[in-house]
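Below is one structure, written out as structure tokens, with a few remarks after it.
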There are 2 protein chains.
Amino acid sequence: MNIGELARRTGLTHSRIRFYESAGLLKTVDRRPNGYRTYPVETVLVLELIATAQRAGFSLDEIRTLLPPDLENWRHDALIEALHRKVAEIGALQTRLDQSKAQLVALIDEIEAKPNDMDCTANARRVLSNILGKEVERPTMTAGDVGRRDKIKPGRAHKTS
Amino acid sequence: MNIGELARRTGLTHSRIRFYESAGLLKTVDRRPNGYRTYPVETVLVLELIATAQRAGFSLDEIRTLLPPDLENWRHDALIEALHRKVAEIGALQTRLDQSKAQLVALIDEIEAKPNDMDCTANARRVLSNILGKEVERPTMTAGDVGRRDKIKPGRAHKTS
DNA sequence: CTTGACCCTCAACTTAACTTGAAGGTTACG
DNA sequence: CGTAACCTTCAAGTTAAGTTGAGGGTCAAG
């Protein structure tokens with residue numbers, strides 16, 4: 001079949017299919033005398049497999065190294081190992097996401113838990129110091145002089161401000 | 001302070017800090033007579049805040065629209081809303097990851113659950129047909145003729161093969 | 001013979017978030 | 001004075017996974 005029909009059957013674009021070929025995911029494609037690419041039916045499966053693997057989080061690079069030249073001759077051990085690795089990777093990502101989410105939720109709570117008698121500015125400082133885990137100094141003197149403490153620590157190789 | 005010390009204090013690279021400035025995250029930076037950038041101490045906080053927000057999944061674009069010109073004057077409502085949106089986004093991503101992970105685990109099981117009396121080729125077909133949710137025809141005749149069924153459905157505008 | 005639907009190649013563009021490099025000014029030390 | 005450690009700008013490179021466009025063949029119908 002021509003690339004147009006393959007595209008229709010798989011839902012991919014022409015350019016994407018050609019790109020996969022150039023990326024080495026599609027092993028030498030046959031040509032008709034006029035130069036048109038011609039594909040065997042299995043190619044539909046291969047492309048669907050690629051798309052599925054991508055959705056599962058595999059990069060094209062990973063997919064290329066795992067895809068066998070022949071759909072029925074998988075490198076069994078490497079495949080199983082890659083699947084396990086990917087599961088672990090997803091797990092790690094989930095852990096990070098759990099943390100991020102918890103942090104965001106905590107932040108929301110904290111912002112909304114402003115004591116009635118506290119003004120917004122003070123609350124901003126309070127929240128800020130909490131999320132960054134450090135003291136946030138309140139600007140005391142006329143703004144513009146903050147950080148203008150020159151000549152402190154004349155130790156070699158770098159000045160402060 | 002100079003960019004070098006800011007970099008040391010935040011753990012970011014010089015180039016990254018300059019990049020943030022050019023990306024509009026750092027509002028006009030003061031210069032010394034010699035052209036060197038000079039930063040007030042708060043910049044350390046701003047940069048740490050940016051890094052933290054990034055870790056939580058915010059893009060620089062999002063961060064820019066949320067960062068107030070002044071660290072103590074947040075756009076409260078927009079911020080809260082953005083935080084809620086991000087939490088929801090993370091939730092959606094987690095759902096997708098759960099699915100991917102489950103699919104991968106199922107795939108591993110399936111590959112390893114090959115009946116003793118089935119050969120690898122047949123198992124590959126079985127597994128393949130399961131993950132793609134369709135029948136995978138076994139190659140019957142001499143390979144090379146598969147998909148060469150011409151002239152079926154002569155419907156206008158595109159030929160098969 | 002023209003029109004329209006196909007197909008081809010190859011280079012350049014896209015996005016995000018930076019990095020790298022070239023070319024050069026500034027400052028401090030010895 | 002040299003040199004090392006700073007700092008400057010600006011352009012171009014990086015990665016992934018494609019997309020877009022220019023310029024040009026092919027093929028069947030009317």
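By convention in this document, chain letters (A, B, ...) are assigned in the order of the sequence lines, proteins followed by strands, and residues within each chain are numbered from 1. Model, not experiment: these values are computed from the prediction.
Across the protein-nucleic acid pair, A:R32 atom CZ and C:dC7 atom C1' stand 10 Å apart, rounded to whole Å. What separates CZ of A:R16 from P of C:dC7 is a distance of 18 Å, to the nearest Å. For A:M1 and C:dC7, the CE to P distance is 12 Å, given to the nearest whole Å. Straight-line distance from the CD atom of A:E21 to the P atom of C:dC7: 14 Å, rounded to whole Å. Look at CD1 on B:I17: it is 13 Å from P on D:dT9, rounded to the nearest Å. Atom CZ in A:F19 sits roughly 14 Å away from atom P in D:dT20 (whole-Å rounding). Look at CD on A:E5: it is 9 Å from P on C:dC7, rounded to the nearest Å. Rounded to whole angstrom, the span from the CG atom of A:N2 across to the C1' atom of D:dG25 amounts to 14 Å.
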Give the intermediate values and the outcome of salt bridge (charged side-chain N to carboxylate O under 4.0 Å, His left out) for residues B:R85 and B:E89.
CA-CA 6 Å; B:R85 258 210 320 277; B:E89 248 174 62; 5.1 Å; no
Criterion salt bridge (charged side-chain N to carboxylate O under 4.0 Å, His left out) on B:E21 and B:K27, from CA distance to verdict
CA-CA 7 Å; B:E21 181 187 344; B:K27 68 170 179 190; over 6 Å; no
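In this structure, NE2 on A:H76 lies 7.0 Å from CG on B:N123, to the nearest 0.5 angstrom. Taken from CD in A:Q99 to CZ in B:R55, the straight-line distance is 11.0 Å, to the nearest 0.5 Å. Rounding to the nearest 0.5 Å gives a distance of 9.0 Å between OG1 of B:T43 and CD1 of B:I17. Note: A:S100 OG to B:Q54 CD = 12.0 Å, rounded to the nearest 0.5 Å. Atom CG of B:L93 and atom NZ of A:K101 lie 10.0 Å apart (nearest 0.5 Å). Atoms CG and CZ, on A:L60 and A:F19 in that order, are 6.0 Å from each other to the nearest 0.5 Å.
Minimum interatomic distance between A:R37 and A:N2 (heavy atoms only, all atoms of both residues): O-OD1, 3.6 Å. A pairwise comparison of heavy atoms in B:L104 and A:V87 identifies CB-CG2, 3.7 Å as the closest pair. Here the closest non-hydrogen pair linking B:P68 and B:N73 is CB-O, 3.0 Å.
For the contact set between residues 47-69 of chain B and DNA chain C, defined by any heavy atom under 4.0 Å, the members are B:Q54, B:S59, B:L60.
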Encode nucleotides 8-13 of chain C as B, S and - characters from 5' to 3', where the letter depends on protein heavy atoms closer than 4.0 Å: B to the base, S only to sugar-phosphate, - to neither.
SS----
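Listed pair B:S15 / C:dT19 meets the phosphate criterion, a side-chain N or O lying under 4.0 Å from OP1 or OP2. Side-chain nitrogen and oxygen atoms of A:T13 include none within less than 4.0 Å of the OP1 or OP2 phosphate oxygen of D:dG18.
The end-to-end axis angle of the helix from C:dC1-D:dG30 to C:dG30-D:dC1, rounded to 10 degrees and based on five pairs per end, is 30°.
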